[in-house]
**Student:** 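The following block contains the structure, expressed as structure tokens.
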Amino acid sequence: MSATNGLIGKSVKRVEDKRFTTGRGNYTDDIILPHQTYASFVRSPYAHAKIVHIDTAAAKEMPGVIAIFTGADVADINGVPCGWQVNFKNGNAMKEPKHPLLVADKAKHAGDAVAIVIAESQEEATDAAEAVNVEYEELPCVVDAAKAVQPDAPLVHDEAPNNVCYDWTLGNPIEEVNDAMSKATHITSLEFVNQRLVPNAIEPRCYNSSYDPATEKYTLYTSSQNPHLIRLLMCAFVLGIPEHKVRVVSPDVGGGFGSKIFHYTEEALLTWCTKKIGRPVKWTAERSESFMLDAHGRDHITKAEMGFDKEGKIVALRVKTFANIGAYLSTFGSCVPTYLHGTLLQGLYTTPKINVDVTAVFTNTTPVDAYRGAGRPEATYLLERLIDLAALEMNTDPAELRFKNFIPPFDGVNQPGYQTQVALQYDSGNYEGVLKKGLEMLGYADVRKAQKEAATNGKLLGVGFSTYIEACGIAPSAVVGSLGARAGLFEVGQVRVQPTGKVSVYTGAHSHGQGHETTFAQVVADKFGISMDDVEIIHGDSESVAFGMGTYGSRSLAVGGSAIVKSIEKIIEKGKKIAAHKLEASADDIDFAGGKFTVKGTDKSVGFGEIALTAYVPHIYPKDLEPGLDFSSFYDPANFTYPFGCHIAVVEVDKETGKVVLKRFIAVDDVGNVINPMIVEGQIHGGLAQGIGQALFEGAEYDDNGQLTNASYMDYCMPRADDFPMFETGSQVTPCPHNPLGVKGAGEAGTIGSTPAVVNAVIDALWSGGHKVKDIRMPLTPEKVWRAMQH
């Protein structure tokens with residue numbers, strides 16, 4: 001099937017922005033249902049505490065209060081499940097303590113919900129929640145993953161000895177790695193913290209649930225990236241409601257970054273409450289609740305060692321990580337430090353021996369789950385810090401060290417995919433290409449010359465590299481199932497051609513800012529040779545769309561878009577049969593291009609619109625063909641996709657204050673074929689802001705009492721536009737060989753590649769001034785950088 005009108009590859013302006021920029025978006029908090037009620041939660045102020053007694057009597061008497069429920073009321077309901085099972089090294093299943101809708105006996109982290117208050121107005125619910133009297137017995141707590149596994153550490157869950165959720169290993173046997181490491185001529189080692197981050201979507205989480213006793217049907221409006229999966233988890237694992245009795249709708253959603261993938265307790269609890277009180281129940285998180293309760297990201301403590309031979313070739317990599325997963329297992333919490341982290345430790349290099357060992361640990365903190373990039377940023381940070389540090393230690397150019405160790409180019413068609421030591425098989429890649437392009441854009445020789453001149457003038461200039469790879473479009477279902485996934489990872493795309501030739505597309509992917517309504521419409525319009533104005537994209541409603549697996553892991557176009565293309569192909573094939581009948585030709589002699597079905601070698605043709613009308617008014621029609629022009633496809637990809645790239649940062653460090661100024665940032669990304677370059681560049685820019693934010697500004701901080709001490713924008717430093725230079729972006733295209741669009745995914749690339757580039761640049765700057773610092777814990781605040789220079 002050839003492209004027909006050239007829309008693919010064009011920077012078409014986003015069609016959805018008209019309603020977003022004019023205030024006409026429809027978000028969950030905008031929805032007010034008849035007889036609406038409002039909820040507020042009573043939450044534990046302690047990170048670890050027994051609940052001795054709850055007195056709701058005074059609160060129940062307050063104006064507007066309709067109902068108050070506590071943990072005792074929902075004790076018989078299952079908790080929210082984890083979606084991925086990871087086994088211990090000895091084969092035992094991970095520890096999976098119940099994550100209750102309301103805690104009845106013991107709060108496991110600050111903010112754990114103890115009771116829900118429902119009232120006529122939000123203000124009345126909030127006031128009454130403050131009147132609920134809870135008597136706590138505070139218990140010792142632990143917030144640090146490495147300390148939590150010590151024998152004398154407080155236990156978060158009695159059924160998880162030493163607070164270990166699971167231990168896990170991947171790669172070559174450790175004995176082989178140890179042997180290779182013993183023969184290395186140089187070993188670079190690094191102990192570091194990949195700090196915890198708060199997602200900070202613009203729109204706080206919001207849910208509104210209703211129940212119709214006449215039909216016995218529930219409707220849940222939710223600010224979720226994943227409406228169908230929320231319905232599946234809530235029905236099958238928590239509430240036991242038949243799926244056909246539940247409609248889940250995710251209307252416009254104001255950002256997610258991963259934090260809205262997961263099934264949260266509030267979604268199931270509000271759905272349970274609405275039937276109990278017979279009225280709709282709505283809850284919108286306050287910003288402080290978002291800081292405390294939206295699943296956090298990262299939080300690894302790692303020791304990593306990389307061995308080199310005398311030629312500078314990597315001979316082995318040995319990694320030990322303690323992953324903090326918080327107080328409970330979140331939906332994908334178990335797979336982030338394992339199958340999304342350990343499997344990426346080959347990076348772009350030919351490292352022959354790799355072993356990674358991960359211990360996942362419960363602590364008295366907010367659950368940790370997938371945050372933009374999810375596991376891949378942690379893997380890239382580890383590898384790219386080691387490579388740049390090794391170059392400094394061996395007095396070798398960091399770019400040359402990378403060229404020496406890159407996997408040679410392969411396209412996945414004429415050359416096979418690259419089999420790594422850590423389970424994955426890369427699809428296609430040209431890793432030398434992105435670094436060469438990045439160096440050209442940088443003007444590398446000039447920057448190094450400027451660095452030397454700066455040092456003589458008392459300034460510290462540094463350049464840092466990061467050449468990354470990520471695994472996107474997570475799949476196929478059979479493989480992820482064998483690795484512990486409790487759901488399939490296909491996607492659904494239904495394409496319905498209306499009798500007038502207009503096209504309705506129903507996708508299981510969900511758009512929460514990525515521009516799907518534009519990108520998907522470009523693909524459909526291009527393939528059918530019609531205007532984008534004739535295409536409508538429908539998503540986010542379990543009653544409209546047959547099924548879906550949502551949007552995360554840069555999978556929407558690679559998996560969701562491919563499902564749509566499969567349906568388009570079916571429609572064109574059926575269209576050819578209809579056209580052949582009308583044109584009195586064989587279907588094998590019909591070509592489709594430019595919106596026309598044409599008999600090969602003739603000027604006899606019929607337009608797409610006429611075929612659409614004929615399919616619904618089948619007066620002159622093939623006898624063995626059903627009417628209609630409507631197909632659905634379930635697309636289950638053959639492999640992940642593997643975007644990659646090269647990011648380069650140039651920084652200046654103030655010797656007197658430690659302040660870091662980002663002078664330049666270059667990003668060359670290869671995300672496969674590109675449907676809309678402008679949207680891709682926007683995704684890259686956003687990702688860069690988040691990745692650089694981790695390097696220089698952001699980080700969740702808990703004190704020893706388990707209190708999140710920077711749970712507001714007064715304390716948590718979000719980057720702003722004036723913190724960045726103009727990003728210099730470039731691209732390379734290495735198509736994915738196994739999906740029909742040749743796309744790989746762009747949503748997380750910026751976040752994954754940028755963080756180590758910035759930190760490497762700061763370390764490089766310090767070394768240029770004689771400060772041989774191996775690591776500074778992120779974020780690299782002026783105080784930390786200044787203190788590092790004092791040693």
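Just so we're clear, the structure is a prediction, and the values are computed from it rather than from any experiment. When reading the values below, keep in mind they use all heavy atoms of this one structure, side chains included, and skip hydrogens, waters and symmetry mates.
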**Student:** Go through the steps for L383 and M306 under the test side chain to side chain contact (heavy atoms under 4.5 Å, CB included), then give the verdict.
**Tutor:** CA-CA 9 Å; L383 287 171; M306 184 175 278; 3.9 Å; yes
**Student:** Just checking Y552 against F332, ring centres under 6.0 Å apart?
**Tutor:** yes
**Student:** Do any N or O atoms from the side chain of E491 and from the backbone of M549 form a donor-acceptor pair under 3.5 angstrom?
**Tutor:** yes
**Student:** Under 30°, 30 to 60°, or over 60°: which ring-plane class applies to F634 and F490, parallel, tilted or perpendicular?
**Tutor:** tilted
**Student:** So which atom in V238 and which in V80 form the shortest heavy-atom distance, rounded to 0.1 Å?
**Tutor:** CG2-CA, 4.0 Å
**Student:** Under 3.5 Å, is there a donor-acceptor pair between the Q514 and Q683 side chains?
**Tutor:** no
**Student:** Between the main-chain N or O of G753 and the side-chain N or O of S466, is there a donor-acceptor pair closer than 3.5 Å?
**Tutor:** yes
**Student:** Keeping the roles fixed (side chain from R287, backbone from S712), state whether a donor-acceptor pair exists under 3.5 Å.
**Tutor:** no
**Student:** Should F192 and Y381 be marked as a ring-ring contact (aromatic ring centres under 6.0 Å, His included) after you check the CA-CA gap, both sets of side-chain angles, and the distance that decides it?
**Tutor:** CA-CA 10 Å; F192 63 92; Y381 187 77; 5.5 Å; yes
**Student:** By the definition side chain to side chain contact (heavy atoms under 4.5 Å, CB included), identify the one residue from L348, I666, T467 that meets it with C646.
**Tutor:** T467
**Student:** Mark yes or no for whether T321, through its side chain, and A323, through its backbone, hold a donor-acceptor pair below 3.5 Å.
**Tutor:** no
**Student:** Using 30° and 60° as the class boundaries, would you call the ring planes of H647 and F665 parallel, tilted or perpendicular?
**Tutor:** perpendicular
**Student:** For T359 and K320, does a side-chain donor sit closer than 3.5 Å to a side-chain acceptor?
**Tutor:** yes
**Student:** Would you say the side-chain atoms of E16 and T518 include a donor-acceptor pair closer than 3.5 Å?
**Tutor:** yes
**Student:** Nearest 0.5 Å, what's the CG-CD1 distance between L329 and I325?
**Tutor:** 4.0 Å
**Student:** Please report the interatomic distance SG(C206) to NZ(K260), rounded to the nearest 0.5 Å.
**Tutor:** 9.5 Å
**Student:** Strictly by modelled atom types, are R196 and T366 linked by a side-chain donor-acceptor pair under 3.5 Å?
**Tutor:** no
**Student:** Please name the pair of heavy atoms, one in C717 and one in F697, separated by the smallest distance, quoted to 0.1 Å.
**Tutor:** O-CB, 3.4 Å
**Student:** Report the distance from atom CG of L345 to atom CG of L424, rounding to the nearest 0.5 Å.
**Tutor:** 10.0 Å
**Student:** What distance separates I314 CD1 from Y349 OH, expressed to the nearest 0.5 Å?
**Tutor:** 6.5 Å
**Student:** Can a donor-acceptor pair be found between the side chains of S330 and D369 at a distance below 3.5 Å?
**Tutor:** yes
**Student:** How long is the span from the CG atom in L688 to the CZ atom in F724, to the nearest 0.5 Å?
**Tutor:** 8.5 Å
**Student:** Under a 3.5 Å distance rule, please check whether N760 uses its side chain to pair with a backbone N or O of E384 as donor and acceptor.
**Tutor:** yes
**Student:** Do we see a donor-acceptor contact under 3.5 Å between the side chains of Q690 and T751?
**Tutor:** no
**Student:** Does a donor on one side chain and an acceptor on the other come within less than 3.5 Å for N364 and Y702?
**Tutor:** no
**Student:** Mind running side chain to side chain contact (heavy atoms under 4.5 Å, CB included) on M234 and L220 for me, showing each step along the way?
**Tutor:** CA-CA 11 Å; M234 186 168 66; L220 172 67; 4.0 Å; yes
**Student:** Over 60° means perpendicular and under 30° means parallel, so classify the ring planes of H510 and H512, tilted if in between.
**Tutor:** parallel
**Student:** Looking just at side-chain N and O atoms, do S223 and T28 make a donor-acceptor pair shorter than 3.5 Å?
**Tutor:** no
**Student:** Judged by modelled atom types alone, do N430 and T734 share a side-chain donor-acceptor pair under 3.5 Å?
**Tutor:** no
**Student:** Of all the heavy-atom pairs spanning G342 and V356, show the shortest one and how long it is.
**Tutor:** CA-CG1, 4.0 Å
**Student:** Examine distances only and state if a side-chain atom of R555 and a backbone atom of L489 form a donor-acceptor pair shorter than 3.5 Å.
**Tutor:** yes
**Student:** Minimum heavy-atom separation for A201 to G254, with atom names?
**Tutor:** CB-O, 3.7 Å
**Student:** Any chance the side chains of Q85 and R486 put a donor and an acceptor closer than 3.5 Å?
**Tutor:** yes
**Student:** Is the cationic atom of R402 (NZ for Lys, CZ for Arg) positioned less than 6.0 Å from the six-membered ring centroid of F406 and within 45 degrees of its normal?
**Tutor:** no
**Student:** Go through the side-chain N and O atoms of K147 and T363 and say whether any donor and acceptor fall under 3.5 Å apart.
**Tutor:** no
**Student:** Between Y713 and F291, is the ring centroid distance below 6.0 Å?
**Tutor:** yes
**Student:** Taking all heavy atoms of V156 and all of A327, pick out the closest pair and write down the distance.
**Tutor:** CG1-O, 4.1 Å
**Student:** Are the aromatic ring centres of Y426 and F644 under 6.0 angstrom apart?
**Tutor:** no
**Student:** What distance do T222 atom OG1 and E267 atom CD have between them, rounded to the nearest 0.5 Å?
**Tutor:** 4.0 Å
**Student:** Treating Q421 as the side-chain partner and Q346 as the backbone partner, does any N or O pair qualify as donor plus acceptor under 3.5 Å?
**Tutor:** no
**Student:** Would you kindly say whether H516 and S556 are connected by a side-chain donor-acceptor distance under 3.5 Å?
**Tutor:** yes
**Student:** Quick check against the 3.5 Å criterion: does R372 have a side-chain atom that pairs as donor or acceptor with the backbone of G747?
**Tutor:** yes
**Student:** Have T729 and E681 got a donor and an acceptor in their side chains that come within less than 3.5 Å?
**Tutor:** yes
**Student:** Using every non-hydrogen atom in the two residues, find where Y468 and A749 come nearest and quote the distance to one decimal.
**Tutor:** OH-CB, 3.1 Å
**Student:** Walk me through it: do R385 and D775 pass the test salt bridge (charged side-chain N to carboxylate O under 4.0 Å, His left out)?
**Tutor:** CA-CA 9 Å; R385 287 297 332 283; D775 184 51; 2.8 Å; yes
**Student:** Taking salt bridge (charged side-chain N to carboxylate O under 4.0 Å, His left out) as the cut-off, I'd like each qualifying pair that reaches into residues 687-701, sequence neighbours left out, listed once.
**Tutor:** none
